[in-house]
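Just so we're on the same page: letters track the sequence lines, and every chain starts at 1. Remember, it's a predicted structure, so these values are computed and weren't measured experimentally. Atom set for the values below is all heavy atoms of this structure, side chains included, hydrogens, waters and symmetry mates excluded.
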Number of protein chains: 2
Amino acid sequence: MARKANGSADGTRHTTIREVAERAGVSVATVSRILSGSYPAAPATRSKVMRAVEELDYVANHHARALSGTTRKSIAIIVNSVISPHYAHVAQGVQTQAAEDSRLCQIGTTGGDAERELAMVQFMREQHPEAVILVGNVAADDEYRARMSRYAHALAAIGSRLVLCGRPPLGPDVPAVVVEYDNTGGAFAATSHLLSNGHKRILYLGRRPGYTTADARIEGYRDALAAHRVPHDPDLEVDGTFERFEGYRMMKARLAAGAPDFTAVFAGNDQIAAGARQALIEHGLRVPEDVSMVGFDDLPPAADIDLTTVYQPHEELGRTAVRLALEHARQGGPPPHTVLGTHLVLRGSVRPVVTG
Amino acid sequence: MARKANGSADGTRHTTIREVAERAGVSVATVSRILSGSYPAAPATRSKVMRAVEELDYVANHHARALSGTTRKSIAIIVNSVISPHYAHVAQGVQTQAAEDSRLCQIGTTGGDAERELAMVQFMREQHPEAVILVGNVAADDEYRARMSRYAHALAAIGSRLVLCGRPPLGPDVPAVVVEYDNTGGAFAATSHLLSNGHKRILYLGRRPGYTTADARIEGYRDALAAHRVPHDPDLEVDGTFERFEGYRMMKARLAAGAPDFTAVFAGNDQIAAGARQALIEHGLRVPEDVSMVGFDDLPPAADIDLTTVYQPHEELGRTAVRLALEHARQGGPPPHTVLGTHLVLRGSVRPVVTG
DNA sequence: AACTCGCTCGATAACGTTTACGGAAACAAT
DNA sequence: ATTGTTTCCGTAAACGTTATCGAGCGAGTT
């Protein structure tokens, strides 16, 4: 024998199907068949086996089962972090749909780092999931695109799907299911709402060149300005990530630099809006009396600060990602590309600008 | 041959170590050794192998590896839901620590249902994780205790650890690492703070008999009342779960029933506080001018609504859970039981009661 | 009575790794 | 030149499960 049976270093061992078989006085094949329910067994044998399973508290070894080729029931999801409400809700959607389709769900986090994301995809690939769902928002340079594209092909070769969730396709020939939001349309609506209320100096918080979501939103912002023939002032676009403390930091810095040269704020997401709002309040400015504000997401902080914002169906995004991947696995064809709609939710954070 | 090689139903196949070996002109053992770095190989062979790996874009099959007995690098975490900020932060802590110890992390959700939690533990058990971390807050009846206790023993038998995170031990003889908060102490401090400000009629939002966290907090609430010799009125304890909309519902119902008979609110957590606050505002009552309020958690909503609350180190809870499990796996001995401290964070939601 | 089914169930070959064991070179020492 | 010592690498046996094949055995058909 090459090494101790069923062994790990600490000398512990799992109950195996063989022990169940011995105890029940049948063969391993019979136990396997009965447990998988794939075959008609005699009622007497069946109850003998079930009793042995109970007594030994047996659970099948998932790895052996997977190796043997049958089970293919896992879905991997990779997000920036689970403490971001947006990712949490998308992950929740993935979980829910995966559970409904009785799949196990594996979550990995990247912290928004492209390198770690690539490594995580490789890591997930080892487990042969049915789908790898990428939810993060990373800076995609050419190197990244090339490697991720290679991984997408490798995934496709083993019958697994790469799903790009909330981000645009990698390229025309990269096999990936894509499901994203109408970020540009939402940002266009949000900015237009402020413009219709007479605001012309609108601060954009959360510019982040290279990050697709941020890029798409700022594009909507610029488009709306152009459509309303309001001059675009690059100085009104402030760089920052999509977190609460970043919103606070950006607004603090802006206010420290001099008197506010804007009447409204469009924040890249609700988190930023919440942080910026806190900075405004600490500076003695009120929302919406002194400064109007619109956010993006419509997640929990929005209701608490009475924020007008753009709603996106976060959980639905996750559910759709799973559903499309599974459907595509069954039906084949070219990978689908779906865009989910967004819409403005009116609350009390916007007032018409006082003229004269 | 029993069935098609390397097969799944759709006829796709993975690159195996054998193909790498053939391409490199060496044996599979050599490839395995080189990839695991467990053995000195000749530089020439090494580069041949690495090139073949590159060209074939080979990644090892995790299941085969696990079956073979070496890898033991996965940690399972089971939570109620990932969209609850508290669980999200704990999960984040688990993820971070697991990543630092280079473990894969698997998340499962239960929706707070005891039955689903038990099923999820069984499901995770199939994968032989190093530890199963239970973070949820479920109603523990005798049936539940008995089954979970059995699972704990089964887990221990295969060298895996059950970790109870944020909840009390199952029993003295159940092998489980326990790491929890000082919920009672925190609630005592929160209630005392309100009492010191002259409040005597304090509404408690979020009673939930049988749920350990809720029970521990309400115990602190009652203890504080007793310590300050303030009569305890059971009618001031309102039943409800720990979600935002529940806080809203509870407060709405209370206000609909008649004029407020309280001057302060102690909410089971910040989410409840945020919901209750919204209901108060819709009813024309201001916080803290008309009603003082204290929460529990110190998570994002707290800062936005300027809520005085009890801080607990959420991420640290998750990190500690992983760390203790891994340490115990190395060192053995009786499973540790740790209690993490909490403290009051003063913001602007509490005012002294106006007397006379 | 011989034969053919149909129904259960047992023996066994895979699945893709890792690792103990042993063999074959290469090199140093006598 | 022979032996002893390394160094490197190939053979093959596990790990625990599932699926194929075929054996045994009653019952039904000629």
Side-chain angles (χ1 to χ4, degrees), chain A residues 1-9 11-22 24-49 53 56 58-73 125-128 158, chain B residues 1-9 11-22 24-49 53 56 58-73 125-128 158:
Chain A
M1 196 188 316
R3 61 177 182 283
K4 133 173 63 73
N6 191 350
S8 41
T12 56
R13 41 175 293 115
H14 315 140
T15 312
T16 72
I17 200 172
R18 178 160 291 121
E19 300 169 48
V20 175
E22 276 172 19
V26 298
S27 76
V28 290
T30 304
V31 177
S32 172
R33 277 190 289 251
I34 288 179
L35 288 182
S36 67
S38 63
Y39 223 73
T45 336
R46 166 175 217 87
S47 62
K48 266 194 305 184
V49 168
V53 166
L56 293 173
Y58 167 79
V59 294
N61 181 325
H62 178 249
H63 300 300
R65 194 174 260 175
L67 188 58
S68 169
T70 34
T71 41
R72 176 64 158 250
K73 294 194 154 296
R125 192 140 84 78
E126 284 185 7
Q127 336 228 353
H128 307 276
I158 63 168
Chain B
M1 195 187 317
R3 60 178 184 281
K4 133 173 64 74
N6 191 348
S8 40
T12 54
R13 41 176 293 114
H14 314 139
T15 311
T16 72
I17 200 173
R18 178 159 292 120
E19 299 170 49
V20 175
E22 276 172 19
V26 298
S27 76
V28 290
T30 303
V31 175
S32 173
R33 278 191 288 251
I34 288 179
L35 288 182
S36 67
S38 64
Y39 224 71
T45 334
R46 166 175 217 86
S47 64
K48 266 193 306 183
V49 168
V53 167
L56 293 173
Y58 166 80
V59 294
N61 181 325
H62 178 249
H63 300 299
R65 193 174 261 175
L67 188 58
S68 169
T70 35
T71 41
R72 176 67 156 250
K73 295 196 152 296
R125 194 139 83 79
E126 285 185 8
Q127 334 229 352
H128 307 276
I158 64 168

Exercise. Looking at OG of Ser27(A) and CD of Glu22(A), how far apart are the two atoms once the value is rounded to the nearest 0.5 Å?
Worked result: 11.5 Å
Problem set entry | Nearest heavy-atom neighbours spanning Lys48(A) and Ala24(A) | CD-O, 3.7 Å
Problem set entry | Length of the line joining Glu22(A):CD and dG16(D):C1', which is rounded to integer Å | 14 Å
Exercise. Within the structure, does a side-chain N or O atom of Ser32(A) lie under 4.0 Å from either OP1 or OP2 of dT18(D)?
Worked result: yes
For this session: In whole angstrom, give the distance that lies between atom CD of Glu126(A) and atom C1' of dG16(C).
Result: 13 Å
For this session: Describe, in one word, how the ring planes of His63(B) and His62(A) are oriented to each other, choosing from parallel (under 30°), tilted (30 to 60°) and perpendicular (over 60°).
Result: perpendicular
Problem set entry | Rounded distance in Å - NE2 (His63(B)) to C1' (dT18(C)) | 17 Å
For this session: Work out how much the helix from dA1(C)-dT30(D) to dT30(C)-dA1(D) bends between its end axes, five pairs an end, to the nearest 10 degrees.
Result: 60°
For this session: State which residues pass side chain to side chain contact (heavy atoms under 4.5 Å, CB included) with Ser47(A); sequence neighbours excluded, sorted by chain then number.
Result: none
Problem set entry | Nucleotide dC15(D), atom C1' - distance to CG of Asn61(B) in whole Å | 13 Å
For this session: Find out whether Thr16(B) and Asn61(B) are in side-chain contact, i.e. whether some heavy atom of one side chain is under 4.5 Å from a heavy atom of the other.
Result: no
For this session: Find the distance Ile17(A):CD1 to dA19(D):P and express it as a whole number of Å.
Result: 11 Å
Collect all protein-nucleotide pairs involving nucleotides 26-28 of chain D in which both atoms are nitrogen or oxygen and the distance is under 3.5 Å.
none

For this session: Determine, for nucleotides 7-12 of chain D in 5'-to-3' order, which nucleotides have protein heavy atoms under 4.0 Å from the base (write B), from only the sugar-phosphate (write S), or from neither (write -).
Result: -SBBB-
Exercise. Rounded to whole angstrom units, what separation is found between the CG atom of Leu35(B) and the P atom of dG16(C)?
Worked result: 16 Å
Seminar exercise, completed: Heavy-atom nearest pair, Val59(A) first then Arg125(B), reads CG1-NH2, 3.7 Å
Exercise. How would you list, by chain and number, every residue that makes a side chain to side chain contact (heavy atoms under 4.5 Å, CB included) with Val53(A), sequence neighbours excluded?
Worked result: Val20(A), Leu35(A), Val49(A), Tyr58(A)
Problem set entry | Gap between atoms CG and P, on Leu67(A) and dT18(C) respectively (whole Å) | 12 Å
For this session: Find the distance His128(A):NE2 to dG16(C):P and express it as a whole number of Å.
Result: 8 Å
Exercise. Is it true that a side-chain atom of Ser36(A) and a backbone atom of Ser32(A) form a donor plus acceptor pair closer than 3.5 Å?
Worked result: yes
